[in-house]
Amino acid sequence: MKLRWSRSLTFLSALALAFGATTVPAAAADPTVSSGWNNYSCKPSAAHPRPVVLVHGTLGNSIDNWLGLAPYLVARGYCVFSLDYGQLPGVPLFYGLGPVDASAGQLAAYVDRVLAATGAPKADLVGHSQGGMMARVYMKFHGGADKVNALVGLAPDNHGTDVDGLTRLLPYFPGAKKYLDELTPGLSDQIVGSDILRRLNEGGDTLPGVHYTVIATRYDEVVTPYRTQFLDGPDVHNVVLQDLCAIDISEHVAIGLVDRAAFHETANALDPAHATPTTCTSG
């Protein structure tokens, strides 16, 4: 029994670390105005008429996941907001661990708050990793489709992940799946074949009226295989960073935190009428 517990806990730790490679450790997860974002007095302009809501990844939070992209978008005239979701009792700073469907309910309430504050009829969403997939759960099951104009996913696990085959080892660690389900349901929900992913993708990947962009990297080590991130539908733009810049070596973390090509392509997706080519020197 002791050996089984040890194996289960070891595997859970490894899997959590793999899923958790979505952000850096939290420095100050305070959802106050930071570098001009989360400013509820911001009113969208004619050039950028919709607020942008940033949805962090697993073990991320509303500040650290967006220290690069949020100021980038604010500098370009967007009203930018970010939320914390998926909190577990007694676990501060590191979020996105609660059930994905419950997190989608939190996103629904947050988007309503942002729309009420800004007066905009719709928002644009940008999600990193789990955030890109969970936003689709919000739109499909929590009434979000009529409130979202565009969804940009940065390395989203739209069809789940096997974490480079790590999840296929679960049966070899007695009790690991059970404890994963009970202790960190947000991780369990992201494994290929989970119930929430099955329901999410039933009947097609997309919903009418929403513009979808997926930005992936060939070097993703968390959401694997990386092409499972892509969506299929009539209003979908799937992008591989290395097709835009062959020398781009960003992996799962960097695509959301620091990659300027990914940021530029995000801006293109938010304002396609004024899009410019994304290259290795895009800033």
Write down the atom of [X], the atom of [Y], and the distance for their closest heavy-atom approach.
| X | Y | value |
| --- | --- | --- |
| Gln106 | Gln87 | NE2-OE1, 3.0 Å |
| Ala269 | Thr213 | CB-OG1, 3.4 Å |
| Ala123 | Leu115 | N-CD2, 3.8 Å |
| Leu151 | Val210 | N-CG1, 4.2 Å |
| Asn61 | Leu93 | ND2-O, 3.3 Å |
| Val223 | Asp220 | N-OD1, 2.8 Å |

Calculate, to the nearest 0.5 Å, the distance between atoms [atom1] and [atom2] belonging to [X] and [Y] respectively.
| X | Y | atom1 | atom2 | answer |
| --- | --- | --- | --- | --- |
| Leu241 | Thr278 | CG | OG1 | 9.0 Å |
| Ser103 | Asp84 | OG | CG | 11.0 Å |
| Thr58 | Phe94 | OG1 | CZ | 13.0 Å |
| Leu207 | Met139 | CG | CE | 6.0 Å |
| Ile196 | Ile191 | CD1 | CD1 | 14.0 Å |
| Asn38 | Cys79 | CG | SG | 11.5 Å |

Are [X] and [Y] close enough that a side-chain donor and a side-chain acceptor fall under 3.5 Å?
| X | Y | value |
| --- | --- | --- |
| Asn268 | His274 | no |
| Thr228 | Asn158 | no |
| Gln242 | Thr217 | yes |
| Ser129 | His56 | no |
| Asn201 | Arg136 | yes |

Check: [X] side chain, [Y] main-chain N or O, donor-acceptor pair, under 3.5 Å:
| X | Y | answer |
| --- | --- | --- |
| His128 | Trp66 | no |
| Asp205 | Gly233 | no |
| Ser250 | Ile255 | no |
| Ser45 | His48 | yes |

Please step through side-chain contact (heavy atoms from CB on, under 4.5 Å) for the pair Val214 and Leu154, ending with a clear verdict.
CA-CA 6 Å; Val214 173; Leu154 299 168; over 6 Å; no

I need the single residue from Tyr110, Tyr40, Trp37 that forms a ring-ring contact (aromatic ring centres under 6.0 Å, His included) with Phe81. Which is it?
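Per the ring-ring contact (aromatic ring centres under 6.0 Å, His included) rule, the option paired with Phe81 is Tyr40, out of Tyr110, Tyr40, Trp37.
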
Less than 4.5 Å apart, any side-chain heavy atom of [X] and any of [Y]?
| X | Y | answer |
| --- | --- | --- |
| Leu107 | His142 | no |
| Asn65 | Leu257 | yes |
| Asp157 | Gln229 | no |
| Asp232 | Thr206 | no |
| Cys42 | Thr118 | no |
| Leu73 | Leu270 | yes |
| Arg260 | Ser282 | no |
| Leu69 | Val126 | yes |

Check each of Met133, Met134, His159 against Leu200 using the side chain to side chain contact (heavy atoms under 4.5 Å, CB included) test, and report the only one that passes.
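Of Met133, Met134, His159, side chain to side chain contact (heavy atoms under 4.5 Å, CB included) with Leu200 is met by Met133 alone.
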
Partner of Leu125 under side chain to side chain contact (heavy atoms under 4.5 Å, CB included), chosen from Leu54, Val111, Val152
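Filter result, single survivor: Val111.
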
Got a sec, which residues hit side chain to side chain contact (heavy atoms under 4.5 Å, CB included) with Ala267, two or more places apart in sequence or on another chain?
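Per chain and number, Ala267 pairs via side chain to side chain contact (heavy atoms under 4.5 Å, CB included) with Tyr72.
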
For side-chain contact (heavy atoms from CB on, under 4.5 Å), just list the numbers for Phe141 and Arg199, CA-CA rounded to whole Å, side-chain angles, deciding distance to a tenth of an Å, and then say yes or no.
CA-CA 10 Å; Phe141 300 119; Arg199 293 191 293 115; 3.9 Å; yes

Working for side chain to side chain donor-acceptor pair (under 3.5 Å), residues His264 and Thr279:
CA-CA 9 Å; His264 187 268; Thr279 67; over 6 Å; no

Give a yes or no on this: more than 12 heavy atoms of other residues, nucleotides or ligands lie within 6.0 Å of atom CG of Asp235.
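Atom CG in Asp235 is crowded, with more than 12 foreign heavy atoms closer than 6.0 Å.
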
Count the heavy atoms belonging to other residues, nucleotides or ligands that lie under 6.0 Å from CG of Asp195, then report whether that count exceeds 12.
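Counting other residues, nucleotides and ligands, CG of Asp195 exceeds 12 neighbours.
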
Between the side chains of Lys122 and Asp146, is the shortest nitrogen-to-carboxylate-oxygen separation below 4.0 Å, so that they form an ion pair?
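Lys122 and Asp146: not salt-bridged.
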
What pairs meet the ring-ring contact (aromatic ring centres under 6.0 Å, His included) rule with one or both residues in residues 186-241, with sequence neighbours excluded?
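Pairs touching residues 186-241 that pass the test: none.
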
Evaluate the salt bridge (charged side-chain N to carboxylate O under 4.0 Å, His left out) criterion for residues Asp112 and Lys147: first the C-alpha distance (whole Å), next the side-chain angles of each, then the deciding distance (0.1 Å), finally the verdict.
CA-CA 8 Å; Asp112 286 349; Lys147 301 174 184 179; 2.8 Å; yes

State yes or no: do Leu59 and Val91 share one hydrophobic cluster built from I, L, V, M, F, W and Y residues joined by side-chain heavy-atom distances below 4.5 Å, directly or via other members?
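Yes, Leu59 and Val91 fall within the same hydrophobic cluster.
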
Test side-chain contact (heavy atoms from CB on, under 4.5 Å) on Asp189 and Leu197 and set out the steps.
CA-CA 7 Å; Asp189 282 345; Leu197 286 169; over 6 Å; no

For the pair Tyr85 and Gln130, evaluate side-chain contact (heavy atoms from CB on, under 4.5 Å) and give the outcome as yes or no after the intermediate values.
CA-CA 11 Å; Tyr85 71 85; Gln130 178 188 168; 3.7 Å; yes

